[in-house]
Number of protein chains: 2
Amino acid sequence: MNNKTSSDKGTDGASDLSDANGVREALNLLVGYHLRRASVYDLNGAVAALELAGARPITLSVLLCIVESPGRTSADICRNLGIKRANIVALLQSLEAKGLFLRSNDPTDQRIQRLYPTKQGVQTAQEWLELIRTHEERTLKRLSQAERAELRRLLQMIWEDDTSQD
Amino acid sequence: MNNKTSSDKGTDGASDLSDANGVREALNLLVGYHLRRASVYDLNGAVAALELAGARPITLSVLLCIVESPGRTSADICRNLGIKRANIVALLQSLEAKGLFLRSNDPTDQRIQRLYPTKQGVQTAQEWLELIRTHEERTLKRLSQAERAELRRLLQMIWEDDTSQD
DNA sequence: TATTGTTATACTCTATAACTATA
DNA sequence: TATAGTTATAGAGTATAACAATA
């Protein structure tokens with residue numbers, strides 16, 4: 001709790017409207033507002049960057065999970081990316097139709113499918129990644145390398161222990 | 001363009017899979033990924049924080065625009081917030097039904113309505129803002145005040161010249 | 001009982017097109 | 001011709017519930 005509440009009034013002579021304890025510059029001072037605007041801006045660019053390649057940001061994220069950690073299950077990837085199991089099905093079908101990974105039944109647990117990238121899957125991941133890196137260079141063009149690293153560090157501190165999941 | 005392309009192969013002895021020039025840690029190194037995860041995490045909290053008050057983050061943003069700059073038009077607010085004119089209609093109706101602002105026809109241009117906050121609108125903005133500030137304190141609990149200011153500065157540099165609009 | 005993969009579906013958010021009135 | 005406010009609607013993204021198979 002804070003020591004200033006919105007019911008504080010009459011203790012200062014300033015106008016209730018737009019004073020320092022009120023709403024003046026309020027939106028601009030909210031980190032969450034800038035977080036949202038920057039994320040939307042970046043995401044729009046990422047969508048555009050991957051469009052011609054027939055991919056979306058979430059598609060790339062899933063493919064990268066498979067390529068970086070061959071043998072993971074879809075439920076595991078969902079927990080990692082913070083998406084619902086129901087929503088990865090179509091994404092995997094799309095990647096599968098492009099021949100970018102293969103499903104393999106686990107011999108010791110017949111409920112799960114382990115996902116392994118194909119050679120083409122690895123190559124495609126690198127191509128999509130290059131598109132995203134070019135896009136990200138544009139998004140972050142005003143930031144130095146040090147600022148980019150610091151931004152990444154600060155953002156990670158915000159969400160890293162997100163416990164909300166399926 | 002970069003000097004490394006995804007078709008570079010055979011020039012190094014390392015594995016094509018998960019090497020430093022490839023996809024190793026690729027997702028984690030993308031600022032856009034952390035931007036998205038942090039934004040979603042924060043937004044979920046913001047929605048929850050405003051839920052009991054019957055507001056949403058976008059509702060608060062619109063109300064703050066009206067309270068901070070009385071007399072603005074809805075089209076102006078849309079440009080400011082990066083939303084479509086069509087989508088502010090319901091938001092304004094919601095705020096209007098709560099008696100938080102009034103519409104006033106402009107005498108010199110009969111196409112536009114100037115929006116003015118009511119006394120209750122100002123007070124409600126302060127109350128909703130307090131809810132969001134409490135939420136934001138939780139979101140940013142691991143960041144120092146200096147880090148929060150730096151994060152806000154870096155985020156603003158990303159989207160501040162977003163020219164995409166209606 | 002719990003988990004995996006899946007289907008169907010609802011809900012929210014955002015985008016597009018069209019319209020009237022006015023400039 | 002351009003802008004403001006509005007309506008209707010389409011689409012994408014995400015969430016919930018339920019199911020069969022397996023642990």
Side-chain angles (χ1 to χ4, degrees), chain A residues 36-37 39-48 50-51 54-62 65-66 71-97 101-115 162 164-166, chain B residues 36-37 39-41 43-44 46-48 50-51 54-62 65-66 71-97 101-115 162 164-166:
Chain A
R36 169 87 172 142
R37 294 299 299 264
S39 175
V40 167
Y41 178 79
D42 177 75
L43 193 62
N44 284 341
V47 167
L50 293 172
E51 204 161 41
R56 284 174 297 155
I58 187 61
T59 325
L60 172 57
S61 295
V62 172
C65 283
I66 298 173
R72 294 180 73 180
T73 67
S74 70
D76 188 24
I77 293 173
C78 285
R79 279 185 292 267
N80 187 202
L81 294 179
I83 64 181
K84 308 287 178 189
R85 270 177 302 143
N87 295 328
I88 203 177
V89 178
L91 299 176
L92 288 177
Q93 284 171 345
S94 165
L95 293 173
E96 193 175 30
F101 78 94
L102 296 172
R103 306 180 196 239
S104 166
N105 292 323
D106 186 292
T108 72
D109 187 341
Q110 292 189 255
R111 291 173 304 180
I112 67 182
Q113 301 171 347
R114 302 205 168 273
L115 312 182
D162 186 355
S164 68
Q165 51 193 34
D166 187 66
Chain B
R36 168 87 172 142
R37 294 299 299 265
S39 175
V40 167
Y41 178 78
L43 193 63
N44 284 342
V47 167
L50 292 171
E51 204 161 40
R56 284 173 297 154
I58 186 61
T59 325
L60 171 57
S61 295
V62 172
C65 283
I66 298 174
R72 294 181 72 181
T73 67
S74 70
D76 188 23
I77 292 173
C78 285
R79 278 186 292 267
N80 187 200
L81 294 179
I83 63 181
K84 308 287 178 189
R85 270 178 302 143
N87 294 329
I88 203 178
V89 177
L91 300 176
L92 288 177
Q93 283 171 346
S94 165
L95 293 172
E96 192 176 31
F101 79 94
L102 296 172
R103 305 179 197 241
S104 166
N105 292 325
D106 186 292
T108 72
D109 187 340
Q110 291 189 257
R111 291 173 305 180
I112 67 183
Q113 301 172 346
R114 302 205 168 274
L115 312 182
D162 187 353
S164 69
Q165 51 193 31
D166 187 67

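Side-chain atoms are counted along with the backbone in the values below, which use heavy atoms only and exclude waters and symmetry mates. Each chain gets a letter, A, B and so on, in the order the sequences are listed, and its residues count up from 1.
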Next item on the list: Say whether, by atom type as modelled, one donor and one acceptor occur between the side chain of Ser61(A) and the main chain of Pro57(A) under 3.5 angstrom.
Entry: yes
Note to self: Restricting to non-hydrogen atoms, name the atom on Cys78(A) and the atom on Arg85(A) that form the minimum distance, rounded to 0.1 Å.
What the structure shows: SG-CA, 3.6 Å
Note to self: So, OP1 or OP2 of dT4(C): does either fall under 4.0 Å of a side-chain N or O from Thr73(A)?
What the structure shows: no
Next item on the list: Quick one: do Val40(B) and Asn44(B) satisfy side-chain contact (heavy atoms from CB on, under 4.5 Å)? Show the steps, please.
Entry: CA-CA 6 Å; Val40(B) 167; Asn44(B) 284 342; 3.7 Å; yes
Notebook entry, point to check: More 5' along DNA chain C: Ile88(A) or Gly82(B), using each one's nearest nucleotide?
Noted result: Ile88(A)
Notebook entry, point to check: Pick from Asp76(A), Thr73(A), Asn105(A), Asp106(A): which one makes a side-chain hydrogen bond (donor to acceptor under 3.5 Å, both in side chains) with Arg114(A)?
Noted result: Asp106(A)
Notebook entry, point to check: Given dT16(D), dT6(C), dT4(C), which nucleotide is nearest the side-chain atoms of Lys84(A)?
Noted result: dT16(D)
Note to self: Applying a 4.0 Å non-hydrogen cut-off, can you work out what Asp109(B) is touching in the nucleic acid: base, sugar-phosphate, or nothing?
What the structure shows: sugar-phosphate
Next item on the list: Ignoring the backbone of Asn87(A), work out which of dT14(C), dA15(D), dT4(C) is nearest its side chain.
Entry: dA15(D)
Notebook entry, point to check: Does any donor-acceptor pair link the side chain of Arg111(B) with the base of dG5(D) at a separation under 3.5 Å?
Noted result: no
Next item on the list: Would you mind classifying the nucleic acid contact of Arg79(B) as base, sugar-phosphate or nothing, using non-hydrogen atoms under 4.0 angstrom?
Entry: sugar-phosphate
Check: When all nucleic acid strands are considered with a 4.0 Å heavy-atom cut-off, which category describes Arg103(B): base, sugar-phosphate, or nothing?
Finding: sugar-phosphate
Item checked: Among dT6(C), dT22(C), dT6(D), the one nearest Ala86(A) by side-chain distance -> dT6(C)
Next item on the list: Starting from the C-alpha separation in whole Å, work towards a yes-or-no answer on side-chain contact (heavy atoms from CB on, under 4.5 Å) for Leu115(A) and Leu92(A).
Entry: CA-CA 10 Å; Leu115(A) 312 182; Leu92(A) 288 177; 4.0 Å; yes
Notebook entry, point to check: Arg36(B) side chain: which of dG5(C), dT14(D), dA4(D) is closest?
Noted result: dT14(D)
Notebook entry, point to check: Contact class for Arg72(A) vs. all strands (heavy atom < 4.0 Å): base, sugar-phosphate, or nothing?
Noted result: nothing
Next item on the list: Go through dT14(C), dT14(D), dT22(C) for me and flag the one nearest to the Gln110(B) side chain.
Entry: dT22(C)
Next item on the list: Could you work out which one of dA4(D), dT7(D), dT4(C) sits closest to the side chain of Val89(B)?
Entry: dT7(D)
Notebook entry, point to check: Relative to the 5' end of DNA chain D, which residue comes earlier, Gln93(B) or Pro107(A), by the nucleotide with the nearest heavy atom?
Noted result: Gln93(B)
Check: Looking at the side chain of Arg56(B), which of dT14(C), dG5(C), dC13(C) is the nearest nucleotide?
Finding: dC13(C)
Checklist line | Shortest side-chain distance from Arg85(B), nucleotide among dT4(C), dT6(D), dA23(C) | finding: dT6(D)
